[in-house]
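All residue numbers in this chain count up from 1 along the given sequence.
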Amino acid sequence: MNLRIATRKSALALWQAERVGGWLRERGHACELLPISTEGDRILDRSLAEAGGKGLFVKDLEQALADQRADLAVHSAKDVPFAISDAFVLSAFCAREDPRDALVAPFAKRFANLPRGARVGTSSLRRAVQLLAERPDLIVVPVRGNVQTRLARATGATVVRGGVEVRPAEGDPQGPLDAVVLALAGLRRLGLDGEVTEILPPELSLPAAGQGALAIETLRGSPGLEATAPLEDAPTARCVRAERAVLARLAGGCTVPVAAYGLLEGDRIWLRAALGGPDGKGGVIVVRAEMRGSATGPEALGKGVAEALLDKGGAPLLEAARSQASGLPAPKRA
């Protein structure tokens, strides 16, 4: 069977799609890639929260599935919205790469060594609130583009003039940065992990739901579903489904700073989650919750952790975050 794989055109997306294609070829399927320029890739002049969310990376690939131009689509699991149309199904979550965030800081090397007022690049509200909660002095600069583009904003800061290392110009929004924070998984997949100066611990920067995992999407009941279902990695799938249940309960997307990370411990999942927002005093606050529960009920565990976040004061943070992003109203307590 010849399978057509819809993918974004970035180097990372093509790598991921080719990896899935390789697994399918090992199972006897012929595969070809269908690279697609998504709306999320085309809009680079504003944040994803302002542009409409991470679903902008997904909907053009879903359209290719609906039009039967593709049999499956390969996504970074963290980019897939918590709610998808009933016409589609996430047929497999493939084995996960290291989900942690990575710091690229050519001068400082480590987060603790960043100078006061350092300019740190990230387009993720989740990363921004967690880093600012730890270091309110930092200046977070939104950066968009592919991995190499974002990486260059920090590595370009290593400029020597007359034997002196020159720091980024004050107030230059397009200039080099003191550091950028990226997903370690993407850097490793592209062979760029040598640029990493520190892997950030989850206690500092808890990953996004699904970070490091690949998600395969197909039409429900299609040959693509049958072909890709065996690619699911059960431990990864259980953790990612628990993480996504946190998002579903909180109606969280990239307009809301939500983090969720599950770790399989035997037949149980240790699920941690965080929710951030403005503290009403010009800064940010992050509330955190964690639970352990049966790996056979990941969705129930995710909902329970989300409820714990709400119990700890998360509802006002959700309302404030959505108000700033012109998003949906905060969910009601069950």
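For the atom pair CZ of Arg238 and CG of Asp267, the computed distance is 9.0 Å after rounding to the nearest 0.5 Å. In this structure, the separation between CG on Leu182 and CG on Asp101 is 8.5 Å, given to the nearest 0.5 Å. Distance CG/Leu310 to CG/Leu318: 6.5 Å, rounded to 0.5 Å. Going from atom CG of Asn146 over to atom OG1 of Thr149 covers 3.5 Å, rounded to the nearest 0.5 Å. Rounding to the nearest 0.5 angstrom, the gap separating the CG atom in Leu24 from the CD1 atom in Ile5 is 5.5 Å. If you take CZ on Arg268 and OG1 on Thr296, they are separated by 9.5 Å, rounding to the nearest 0.5 Å.
Side chains of Asp233 and Arg96 form no contact here, defined as non-hydrogen atoms less than 4.5 Å apart. The closest side-chain heavy-atom distance from Arg153 to Val141 is below 4.5 Å. With a 4.5 Å cut-off on side-chain heavy atoms, Ile269 and Pro298 count as touching. Using a 4.5 Å cut-off on side-chain heavy atoms (C-beta onward), Asn2 and Glu32 make contact. Taking the side chain as every heavy atom from C-beta outward, Val74 and Arg19 never approach each other to under 4.5 Å. With a 4.5 Å cut-off on side-chain heavy atoms, Ile216 and Cys94 count as touching. In this structure, the side chains of Leu72 and Val20 come closer than 4.5 Å at one or more pairs of heavy atoms. In this structure, Arg189 and Val147 have side chains that are not in contact, with every pair of non-hydrogen atoms separated by 4.5 Å or more.
Using a distance-only test at 3.5 Å, with no hydrogens or angles considered, no donor-acceptor pair links the side chain of Arg241 to the main chain of Gly297. Counting only distance, with no hydrogens or angles, the side chain of Arg4 and the backbone of Gln68 share a donor-acceptor pair below 3.5 Å. Judged purely by atom type and a 3.5 angstrom limit, Asp178 uses its side chain to pair as donor or acceptor with the backbone of Arg119. Checking side-chain atoms of Lys312 against main-chain N and O of Arg288 turns up a donor-acceptor pair under 3.5 Å. Using a distance-only test at 3.5 Å, with no hydrogens or angles considered, a donor-acceptor pair links the side chain of Arg244 to the main chain of Val80. Using a distance-only test at 3.5 Å, with no hydrogens or angles considered, a donor-acceptor pair links the side chain of Asp98 to the main chain of Arg100. Arg126 places no side-chain N or O within donor-acceptor distance of the main-chain N or O of Val258, the cut-off being under 3.5 Å. Panel note: side chain Ser10, backbone Ala13; a donor-acceptor pair is recorded below 3.5 Å.
More than 12 heavy-atom neighbours from other residues, nucleotides or ligands sit within 6.0 angstrom of CD on Gln148. Within 6.0 Å of atom CD in Glu290, more than 12 heavy atoms from other residues, nucleotides or ligands are found, so the atom counts as buried in its surroundings. The 12-atom threshold is not exceeded at CG of Asp86, counting heavy atoms of other residues, nucleotides or ligands nearer than 6.0 Å. Surrounding CZ of Arg110 are at most 12 heavy atoms belonging to other residues, nucleotides or ligands under 6.0 Å away.
In plain terms, the two heavy atoms of Val246 and Gly302 that are nearest each other are CG2-O, 3.4 Å. Closest approach of Leu103 and Ala179 over heavy atoms only: CD1-CB, 3.7 Å. In plain terms, the two heavy atoms of Glu217 and Glu62 that are nearest each other are OE2-OE2, 2.5 Å. Across all their heavy atoms, Pro99 and Gln211 have their closest contact at O-NE2, 2.8 Å. Contact between Val287 and Gly314 at its shortest, heavy atoms only, is CG2-CA, 4.3 Å. The two residues Glu198 and Phe111 have their closest heavy-atom pair at OE1-N, 2.6 Å.
Look at Glu18 and Arg25 and you find a salt bridge, because one of the NZ, NE, NH1 or NH2 atoms lies within 4.0 Å of a carboxylate O, short of that distance. Using a cutoff of 4.0 Å between basic side-chain nitrogens and carboxylate oxygens, Asp279 and Lys281 are not scored as salt-bridged. A salt bridge links Arg188 with Glu97; the closest basic N to acidic carboxylate O contact falls under 4.0 Å.
No side-chain donor-acceptor contact under 3.5 Å links Thr7 and Gln16. Side-chain contact, Ser124 with Thr122: no donor N or O sits under 3.5 Å from an acceptor N or O.
Both Leu151 and Leu177 belong to a single network of hydrophobic side chains, linked directly or stepwise wherever heavy atoms of I, L, V, M, F, W or Y lie under 4.5 Å apart. Two different hydrophobic clusters hold Leu125 and Leu131 under the rule that ILVMFWY side chains link at heavy-atom gaps under 4.5 Å.
Each of Leu138, Val286, Ile139 was checked for a side chain to side chain contact (heavy atoms under 4.5 Å, CB included) with Leu132, and the lone residue meeting it is Leu138.
Grouped with Tyr261 in one hydrophobic cluster are Leu206, Leu263, Trp270, the linkage being side-chain heavy-atom contacts under 4.5 Å among Ile, Leu, Val, Met, Phe, Trp and Tyr residues.
Under the salt bridge (charged side-chain N to carboxylate O under 4.0 Å, His left out) criterion, Asp137 pairs with Arg135, not counting sequence neighbours.
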